[in-house]
Amino acid sequence: MPRKVFIIPAVIVFILVVALVHANQNTDALQSRTRFLMDTYCTIKIPGGTEVLDVIDTAFDRMAEVQRTFDSLDPESPIHAFNDENVTITNPEIVALIKTALEVGDESGGAFDITVFPLVNLWGFFGDSPAVPDREKIDELLNAVDYRHLSIKAGTLVKDDARVKIDLGGIAKGYAIREAVAVLKKAGITSALIDAGGEIYALGTNKGKPWKIGIRDPRGEGTVGVLELTDCTVATSGDYERYFEKDGKRYHHILDPKTGYSAEGITSVTVVTDDPAVADAWSTALFVLGKEKGRELMERNKFLKVLMITQDGEFISSNM
Ligand code: ADP
Ligand code: MG
């Protein structure tokens with residue numbers, strides 16, 4: 001019976017095809033893509049089949065759009081025109097985020113201040129070779145650092161001092177994550193992990209279990225703890241992300257708007273809350289505020305879960 005000879009390979013091929021199709025639709029799989037955005041590697045993971053990869057790309061495209069809109073250094077950005085030519089900002093998306101930034105500015109007593117731009121620039125933190133500037137230059141620029149020079153009038157951002165320049169680097173990444181989450185939800189995705197280097201959003205669950213996220217040890221390789229999160233964000237600001245050392249002292253990109261120098265006392269602040277933009281701004285704000293004032297504010301703002309690690313290795317946590 002020569003026909004059997006053909007039937008057996010045909011059955012094997014059929015089984016193989018079924019297995020391959022099944023593997024492709026395997027709901028246990030975690031689809032993942034990474035793109036370099038907002039100065040860091042961003043990864044989005046979604047449980048499910050490969051059909052979700054297109055949605056991931058759409059979410060990244062939206063993040064890239066946010067990055068362009070809020071890039072103070074991009075000559076095309078309304079923020080650049082506001083900074084250099086005093087052109088008021090009417091773009092509702094930008095004005096809305098600035099409103100949030102000003103609220104955190106107010107609530108943090110000016111620790112979060114988007115008018116630090118000239119100082120961040122002076123220190124060279126936008127470039128590759130930051131250095132300690134002259135104190136006179138810092139003091140001169142400090143005169144135009146105060147978010148109270150900004151106001152929103154009938155949906156338009158204005159400043160009362162032409163020297164004032166803004167930088168949304170302390171909040172824009174969180175906002176980009178918020179927008180990526182919106183894209184995923186709109187596409188019907190109910191579970192995902194969005195990791196944008198220092199800030200992570202956990203959407204839904206990972207196959208029924210909360211997403212597990214490690215908190216990095218600011219002075220070591222490992223983690224200092226693991227958070228289990230569902231439908232919230234975790235943002236960490238640390239002095240290890242962008243820094244240099246000079247005469248045994250560490251200088252990093254989170255500046256104290258009162259002194260013009262890198263904020264001292266804290267090595268990392270982790271904030272957990274619903275809104276990624278708010279988490280981003282508060283992690284920066286609490287970093288500047290430090291141990292005592294930070295403790296006061298975390299207790300007043302119950303919607304923030306906070307873990308603060310000091311330079312002495314002390315852990316301060318609230319509402320966790
Ligand atoms: P990262 O974006 O690297 O995770 P942060 O969210 O803490 O770090 O934000 C740091 C960025 O925010 C800096 O690069 C700078 O552009 C800006 N920034 C620095 N100090 C302040 C401050 N006191 N208030 C608001 N923005 C700040
Ligand atoms: Mg931040």
Side-chain angles (χ1 to χ4, degrees), residues 37-42 63 66-67 70-74 77 79 83 97-98 100-128 130 138 141-142 145-150 164-178 195-201 215-216 218 233-244 251-273 275-290 293-294 297 304 306 308:
L37 282 164
M38 326 224 41
D39 239 356
T40 186
Y41 285 97
C42 298
M63 290 176 84
V66 168
Q67 174 182 343
F70 290 95
D71 185 354
S72 331
L73 302 176
D74 180 351
S77 159
I79 295 177
N83 286 348
L97 189 62
I98 289 176
T100 305
L102 295 179
E103 279 162 12
V104 179
D106 259 336
E107 283 157 27
S108 66
F112 187 77
D113 192 327
I114 55 171
T115 66
V116 291
F117 179 90
L119 285 171
V120 181
N121 207 10
L122 176 69
W123 278 88
F125 283 116
F126 290 120
D128 294 331
I138 290 178
L141 293 184
L142 269 175
V145 172
D146 191 334
Y147 69 101
R148 288 169 296 189
H149 286 301
L150 304 170
V164 170
K165 296 183 185 207
I166 60 172
D167 160 35
L168 291 158
I171 190 171
K173 192 161 73 185
Y175 176 69
I177 293 177
R178 190 210 277 172
D195 183 341
E199 181 156 7
I200 296 173
Y201 189 89
I215 302 178
R216 183 175 152 172
T233 198
V234 50
T236 301
S237 284
D239 68 356
Y240 49 82
E241 284 174 58
R242 196 168 303 173
Y243 72 94
F244 65 94
Y251 297 94
H252 57 83
H253 70 321
I254 302 172
L255 301 181
D256 183 338
K258 304 259 186 308
T259 65
Y261 284 79
S262 301
E264 284 183 43
I266 302 293
T267 54
S268 91
V269 175
T270 297
V271 171
V272 176
T273 195
D275 181 342
V278 169
D280 192 5
W282 270 107
S283 68
T284 307
L286 290 166
F287 193 102
V288 173
L289 283 165
K293 281 196 194 136
L297 276 160
L304 303 170
V306 183
M308 210 178 230

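All of these numbers come straight from a predicted model, not from anything done at the bench. As the structure lists them, so they are numbered: ligands from 1, and atoms in each ligand from 1.
Thr284 lies close to the Mg ion (ligand 2), since one of its N, O or S atoms is found at a distance under 2.8 Å. Residue contacts to the Mg ion (ligand 2): Asp280 brings an N, O or S atom closer than 2.8 Å.
For ligand 1, the atoms sitting less than 4.0 Å from at least one non-hydrogen atom of Phe112 are 24 (N), 25 (C), 26 (N), numbered in the order shown with element in parentheses. Those atoms of ligand 1 that come under 4.0 Å of a heavy atom in Ile254, given as number and element, are 7 (O), 19 (C), 20 (N). Residue contact check: Glu241 has heavy atoms under 4.0 Å from atoms 1 (P), 3 (O), 4 (O) of ligand 1. Applying the 4.0 Å criterion to heavy atoms of Asp167 picks out, from ligand 1, the atoms 15 (C), 16 (O), 17 (C). Heavy-atom proximity to Pro257, at under 4.0 Å, picks out these atoms of ligand 1: 23 (N).
Residues Pro257 and Gly110 share a closest heavy-atom pair of CG-O, 3.4 Å.
In terms of protein heavy-atom proximity, atom 2 (O) of ligand 1 is nearest to Gly169 O, 3.6 Å. Nearest protein neighbour of atom 21 (C) of ligand 1, counting heavy atoms only, is Val116 CG2, 3.7 Å. Summary of contacts: the protein heavy atom closest to atom 12 (O) of ligand 1 is Gly170 N, 3.1 Å. Considering only non-hydrogen protein atoms, atom 23 (N) of ligand 1 sits nearest to Leu255 O, 2.8 Å.
Residue Val120 places no N or O, backbone or side chain, under 3.5 Å from any N or O of ligand 1. In terms of N/O distances under 3.5 Å, ligand 1 is approached by Asp280.
In His253, the parts holding a heavy atom less than 4.0 Å from any atom of ligand 1 are both the side chain and the backbone. At a heavy-atom distance under 4.0 Å, no atom of Glu199 approaches ligand 1. Within the 4.0 Å heavy-atom criterion, the part of Ala111 lying near ligand 1 is the backbone and not the side chain.
A distance of 5.0 Å separates CD1 of Ile114 from CG of Leu168, quoted to the nearest 0.5 Å. In this structure, CG on Asp74 lies 9.5 Å from CD on Gln67, to the nearest 0.5 angstrom. Ile98 CD1 to Ile79 CD1: the interatomic distance, rounded to the nearest 0.5 Å, is 5.5 Å. Distance check: Ile171 CD1 to Arg178 CZ gives 7.5 Å after rounding to the nearest 0.5 Å. Of the inter-residue distances, the one linking Ile266 atom CD1 with Ser283 atom OG reads 12.5 Å to the nearest 0.5 angstrom. Note that the NZ atom of Lys293 and the CG atom of Leu286 stand 12.5 Å from one another [nearest 0.5 Å].
The shell of residues lying under 4.0 angstrom from ligand 1, judged by heavy atoms, excludes Gly238. Residue Ser283 places no heavy atom under 4.0 Å from ligand 1. Within the structure, ligand 1 has Ser237 among the residues with a heavy atom less than 4.0 angstrom away.
The aromatic rings of Phe125 and Phe244 are tilted relative to each other, their planes meeting at an angle between 30° and 60°. Using bins of under 30°, 30° to 60° and over 60° for the plane-to-plane angle, the ring pair His252/Phe287 lands in the perpendicular bin.
Side-chain contact of Asp106 with Tyr147: a donor-acceptor pair under 3.5 Å is present, judged by distance alone.
Ion pairing between a basic and an acidic side chain is recognised when a charged N comes within 4.0 Å of a carboxylate O; Lys258 and Asp256 show no such pairing.
Of the candidates Val288, Thr284, Thr236, Asp113, Asp113 brings a heavy atom nearest to atom 24 (N) of ligand 1.
Under the 6.0 Å cut-off for aromatic ring centres, Trp282 and Phe112 do not qualify, their centroids lying 6.0 Å or more apart.
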